[in-house]
Amino acid sequence: MMSTVDNPMVYGGGTAIQILIKQGILFADNFVDLAGIPGLTEITADAAGLRAGPMVTARGMETDDRVRRVAPLASTAYRHVANPRVRNTASIGGNLAHGDYRLDPPPALLALDATVEATSVRGTRSLPVRQFFVDFQQTALAPDELVTAVRIPAQPTGSAYRFVKYSSLSANDWPCASVAVLIAGREVHIGLGALAPVPRYASFDATGMTDQAAVDAALEVIAPLLDPIPDVRGSVRYKRRLAQVIVEDAVRGAWKDLDNA
Ligand SMILES: Cc1cc2nc3c(=O)[nH]c(=O)nc-3n(C[C@H](O)[C@H](O)[C@H](O)COP(=O)(O)OP(=O)(O)OC[C@H]3O[C@@H](n4cnc5c(N)ncnc54)[C@H](O)[C@@H]3O)c2cc1C
């Protein structure tokens with residue numbers, strides 16, 4: 001006889017689920033704990049980039065030497081998640097599947113053109129992170145799909161990056177706004193967090209530009225993407241202004257590193 005499991009929910013690190021259940025927002029009769037499945041915490045790296053299993057923790061991405069070497073922007077972004085207690089537990093698969101617009105890693109993964117490996121009984125498909133965040137707390141994952149890996153291309157030699165997070169309440173809090181900038185081969189890639197109902201991405205060609213021209217171009221390309229949600233961390237007006245400040249800061253900082261390379 002075939003057995004069924006009523007209303008199951010995938011359990012990664014549980015840092016998001018537990019809060020949502022306590023708040024009465026999420027309900028599940030059964031949990032499928034991914035911690036019991038072997039092989040989901042592996043990180044592999046080669047010249048092309050990294051592949052990290054879904055149960056690698058944020059802390060793992062922060063501290064792993066291969067991640068630091070191959071994709072330092074990603075490592076830096078994971079270091080900004082909450083506090084060590086949360087980072088030691090939160091999984092990178094759960095972080096993405098949670099789909100919250102304020103999460104810190106997505107702006108970096110957008111700038112780096114990372115890919116999510118999604119698996120179901122139908123097989124495995126690759127979803128570019130740039131197409132992953134569909135709407136407010138909604139991802140491109142089908143209901144029966146699991147995040148089974150995150151692939152991050154290696155940062156090109158001679159590229160420069162910055163991750164800037166501003167928290168208006170306390171240092172360990174969710175961001176009021178965050179931005180990741182990667183400048184590679186004069187192409188400027190920008191990922192924005194907490195500045196719209198979904199993490200957002202923009203890019204432009206900075207060939208022949210001065211640093212000031214690049215800042216101006218960055219502010220121009222992000223302007224139509226800004227659609228902040230007002231909350232306890234800031235009003236719409238405040239977040240729009242903050243976006244300009246942190247994007248300028250990130251582009252200038254990365255540009256300076258290019259000059260010094
Ligand atoms: C106090 C606190 C402060 C925080 N501050 C920040 C912050 O500053 N910056 C930030 O970025 N984040 C912050 N977070 C959020 C934190 O990053 C997320 O809660 C965490 O990344 C979610 O990962 P998890 O493994 O715990 O997910 P879970 O809680 O286990 O799961 C979250 C969702 O993803 C689903 N899921 C889990 N794994 C998979 C998978 N492999 N495939 C498909 N679906 C899956 C679950 O079913 C659930 O719907 C904070 C959280 C807390 C509790």
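Atoms within each ligand, like the ligands themselves, are counted from 1 in listed order.
Judged by distance alone, the side chain of K165 and the main-chain N or O of H80 form a donor-acceptor pair under 3.5 Å. No donor-acceptor pair closer than 3.5 Å links the side chain of D135 to the backbone N or O of Q138. No donor-acceptor distance shorter than 3.5 angstrom exists from the side chain of S178 to the backbone of P175, with no hydrogens or angles considered. Under a 3.5 Å cut-off, the side chain of E145 and the backbone N or O of A142 do form a donor-acceptor pair. At distances below 3.5 Å, not a single donor-acceptor pair connects side-chain atoms of D249 with backbone N or O atoms of V245. Between the side chain of D46 and the main chain of G49, a donor-acceptor pair closer than 3.5 Å is present. Checked by atom type and distance alone, the side chain of S167 pairs as donor or acceptor with a backbone atom of D173 at under 3.5 Å. Counting only distance, with no hydrogens or angles, the side chain of R87 and the backbone of R79 share a donor-acceptor pair below 3.5 Å. Side-chain atoms of R130 come within 3.5 Å of backbone N or O of L110 as a donor-acceptor pair.
The nearest pair of heavy atoms linking D257 to A160 is CB-CB, 3.9 Å.
Taking every non-hydrogen atom of H98 and a distance limit under 4.0 Å, the qualifying atoms of ligand 1 come out as 34 (O). Atoms of ligand 1 found under 4.0 Å from any heavy atom of D104, numbered from 1 in the order shown, are 7 (C), 8 (O), 9 (N), 10 (C), 11 (O). Near T15, meaning under 4.0 Å from one of its heavy atoms, ligand 1 places the atoms 18 (C), 19 (O), 20 (C), 22 (C), 23 (O), 24 (P), 26 (O), 29 (O), 53 (C). The ligand atoms of ligand 1 that sit less than 4.0 angstrom from a heavy atom of D173 are 8 (O). Ligand 1 places these atoms under 4.0 Å from at least one heavy atom of L34: 40 (C), 41 (N). For ligand 1, the atoms sitting less than 4.0 Å from at least one non-hydrogen atom of A16 are 19 (O), 26 (O), 29 (O), 32 (C), numbered in the order shown with element in parentheses. Each of the atoms 47 (O) of ligand 1 lies under 4.0 Å from some heavy atom of M9.
At a 4.0 Å cut-off, not a single heavy atom of I92 sits close enough to ligand 1 to count as contact. Under the 4.0 angstrom criterion for non-hydrogen atoms, K165 is in contact with ligand 1. The shortest separation from a heavy atom of A118 to ligand 1 is not under 4.0 Å, leaving the residue out of contact.
Counting protein heavy atoms only, atom 41 (N) of ligand 1 is closest to V147 O, 3.1 Å. Annotation: atom 35 (C) of ligand 1 to nearest protein heavy atom, A97 CB, 3.8 Å. Nearest to atom 24 (P) of ligand 1 among the protein's heavy atoms is G13 N, 3.5 Å. Nearest non-hydrogen protein atom to atom 49 (O) of ligand 1 is I17 CG1, 4.6 Å. In terms of protein heavy-atom proximity, atom 15 (C) of ligand 1 is nearest to W174 CH2, 3.3 Å. With respect to atom 27 (O) of ligand 1, the closest heavy atom belonging to the protein is G94 CA, 3.5 Å. Remark: minimum distance from atom 1 (C) of ligand 1 to any protein heavy atom is reached at V86 CG2, 4.0 Å. Atom 17 (O) of ligand 1 has as its closest protein heavy atom N95 ND2, 3.1 Å.
Ionic pairing of R252 and D211 is present here: one or more N-O contacts between side-chain nitrogen and carboxylate oxygen are shorter than 4.0 angstrom. Ion pairing of E117 with R125 is absent here, as no side-chain N (NZ or NE/NH1/NH2) approaches a carboxylate O to less than 4.0 Å.
Selection from A35, G14, P175, G193 by nearest heavy atom to atom 28 (P) of ligand 1 gives G14. The residue among S167, S91, P107 with a heavy atom at the shortest distance from atom 25 (O) of ligand 1 is S91.
The proximity of P54 to ligand 1, defined as any non-hydrogen pair under 4.0 Å, is limited to the side chain. If you look at I19 next to ligand 1, the close heavy atoms, those under 4.0 Å, all belong to the side chain. Neither the backbone nor the side chain of N83 has any atom closer than 4.0 Å to an atom of ligand 1 (non-hydrogen atoms only).
For T210, there are no side chain to side chain donor-acceptor pair (under 3.5 Å) partners at least two apart in sequence or on another chain.
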